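From a predicted model like this one, the values you see are computed outputs, not experimental measurements. Every chain is numbered from 1, with letters handed out A, B, ... down the list of sequences.
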Number of protein chains: 2
Amino acid sequence: MFSQAEENYLKAIYHLESVSKGGINTNAIAKSLATKASSVSDMIKKLSDKEVVLYKKYKGVTLTELGKKTAANIVRKHRLWEVFLVKKLNFSWDEVHDVAEQLEHIKSKKLINQLDALLGFPTHDPHGDPIPDKDGCINAIDKCLLATLKETETGVCVGVNDSSSEFLQFLDKKGITLGKKIEVLEKEDFDDSLSILIDNKKMSISNKIANNLYIRKS
Amino acid sequence: MFSQAEENYLKAIYHLESVSKGGINTNAIAKSLATKASSVSDMIKKLSDKEVVLYKKYKGVTLTELGKKTAANIVRKHRLWEVFLVKKLNFSWDEVHDVAEQLEHIKSKKLINQLDALLGFPTHDPHGDPIPDKDGCINAIDKCLLATLKETETGVCVGVNDSSSEFLQFLDKKGITLGKKIEVLEKEDFDDSLSILIDNKKMSISNKIANNLYIRKS
DNA sequence: AATAAAGTTTAGACTTGTCTAAAAAATTAT
DNA sequence: ATAATTTTTTAGACAAGTCTAAACTTTATT
Ligand SMILES: [Mn+2]
Ligand SMILES: [Mn+2]
Ligand SMILES: [Mn+2]
Ligand SMILES: [Mn+2]
């Protein structure tokens, strides 16, 4: 059994491993958890004792198979709860994260399996992130950042890179939601901004936005 | 904001006040939380500083208005989650308590209000206990223990006094669930056991059972 | 290769919540 | 009214998790 703090560390390491392969360093974990490197050092020793991470002093940390499975299960719970909040409780996609941060620590196998069933076994959360299955496997869809599309290419919005509520609310305001079809009309060399067509409306999108929106090409 | 531990103490005091009016003593709280009297003393000081309880050394403790409201809100969350688990996730009434003990500490006004709406604003939890409203008010129904009924009297099962899973599973086995009509046929002087009619079936009920089942007379 | 800078760990302290053992107060029995 | 018993509080310790400051390793710079 893992404490809430331990679970949060495992999840942070899991997410860091998914973006930067190789041993995860103390400072990166500290930053992602808004804590201090010394606290991370202490906790890593505990996690190492519990055999969920491999650890060599000064050499960073990697999840063991057990660690990966444990972390994936927390992510699974987080994302299922996010789907629940949006689908059943009328939360908008920018409101769910903080509540899911709490709900992901609830311990009950039956709860999460029944929730999964209630929601119709969803494969992705409201931000387009894949939901790991009971064994921790995720089946990632083939997506790329809008910024990588070339002129005349089209695709469908399938996810966000930044899921801060500011960004999500901005997308709402622009009418950009998951599932919408997007066509790149023009790419401005000067500032890498895009002119796109969405819902038959033409709009201009800054490079910063285009670098935080995932598209499945079509 | 209250910690999980503080919330559990508040809830325990709230429940104790509802059965035995007057200042609640340290040992009673310790017993109901399965902790030690010394721990209770420590915590009571903190709760007193936070102005949710009134406390005079050696004289027991009472909830302030703020304390009552806070505690009632935790009970509200506990019972709404229990309804959710039974109605939406197919839990049986003997499985819900432990999970609700965790869920009751989730902090989100919107979450609990939307949950309330999803469930159709239920007034009672799966064990027949009333669900406090947003202001902490409960509207208790008029109920009495089955053991207090006289021969030939009839009523409807509306709640349980003991909600341990052993007792609840026992009731399931006997076919006794909330809403069922019961008629007292005979009362045995020797051991205070009852002969009752339920679903047109005659069965014998020990005094211990009859003292843990609430009835609304009809 | 030596030094500076950056990253990491340790030492020691603090908070929350818990415990045991001992002291103090309140209650009950003689 | 005094003594015995029960209840409650205090004192001191401990585990988890965090922090700051200092020491230590590794990496980068000269
Ligand atoms: Mn999230
Ligand atoms: Mn998400
Ligand atoms: Mn309960
Ligand atoms: Mn209940």
Would you say Lys57(A) reaches dT10(C)'s phosphate, i.e. side-chain N/O to OP1/OP2 under 4.0 Å? yes
Below 4.0 Å: OP1/OP2 of dG17(C) and any side-chain N or O of Lys46(B): yes
Lys59(A) NZ to dT9(C) C1', straight-line distance once rounded to whole Å: 14 Å
Candidate nucleotides dT18(C), dT7(D), dT10(D), ranked by approach to the side chain of Asn27(B) - the nearest: dT7(D)
Please say which of Val75(B), Leu115(B), Asn113(B) ends up in a side-chain contact (heavy atoms from CB on, under 4.5 Å) with Leu80(B). Leu115(B)
Gap between atoms CD1 and P, on Ile24(B) and dT8(D) respectively (whole Å): 11 Å
Under 3.5 Å donor-acceptor, Glu17(B) side chain and Leu63(B) backbone: yes
Met43(A) CE to dA16(D) C1': how many Å, rounded? 8 Å
Please write out the pairs of protein N or O atoms and N or O atoms of nucleotides 21-25 of chain C separated by less than 3.5 Å, giving the distance to one decimal.
from: dA25(C); atom 1: O4'; to: Tyr58(B); atom 2: OH; distance (Å): 3.4

Which sits closer to the 5' end of DNA chain D, Thr35(A) or Asp42(B), going by the nucleotide each is nearest to? Asp42(B)
In whole Å, I'd like the distance from the CD1 atom of Ile29(B) to the P atom of dT18(C). 13 Å
Rounded off to whole Å, could you give me the CG-to-P distance for the Asn25(B) and dT9(D) pair? 10 Å
Take the protein atom NZ of Lys56(B) and the nucleotide atom P of dT9(D), then report the distance between them rounded to whole Å. 13 Å
Side-chain N or O of Tyr55(A) less than 4.0 angstrom from OP1 or OP2 on dT9(C)? yes
Can a side chain N or O of Thr26(A) be found less than 4.0 Å away from OP1 or OP2 on dT9(C)? yes
Does the side chain of Gln102(A) reach to within under 4.5 Å of the side chain of His105(A), using non-hydrogen atoms? no
Taking only the side-chain nitrogens and oxygens of Lys45(A), find out if one of them lies under 4.0 Å from OP1 or OP2 of dT9(C). no
Ignoring backbone atoms, establish whether Lys36(B) has a side-chain N or O less than 4.0 Å from OP1 or OP2 of dT20(C). yes
Does a sphere of radius 6.0 Å around NZ in Lys110(A) hold more than 12 heavy atoms from other residues, nucleotides or ligands, not counting ones at 6.0 Å or beyond? yes
Flag if over 12 foreign heavy atoms under 6.0 Å of CD, Glu151(A): yes
Are OP1 or OP2 of dC19(D) and a side-chain N or O of Ser39(A) less than 4.0 angstrom apart? yes
Rounded off to whole Å, could you give me the OH-to-P distance for the Tyr9(A) and dG17(D) pair? 9 Å
Between Glu153(B) and Lys217(B), is the salt bridge (charged side-chain N to carboxylate O under 4.0 Å, His left out) condition met? List the steps. CA-CA 8 Å; Glu153(B) 286 191 310; Lys217(B) 285 190 201 176; 3.8 Å; yes
Considering every strand and a 4.0 Å limit on heavy-atom distances, what is the contact class for Ala37(A): base, sugar-phosphate, or nothing? base
For His105(A) and dG17(D), what is the distance between atoms NE2 and P respectively, to the nearest whole Å? 12 Å
Between Phe170(A) and Phe167(A), how do the two ring planes meet: parallel, tilted or perpendicular, split at 30° and 60°? parallel
Note: Leu145(B) and Thr148(B) closest approach over all heavy atoms is O-OG1, 2.7 Å
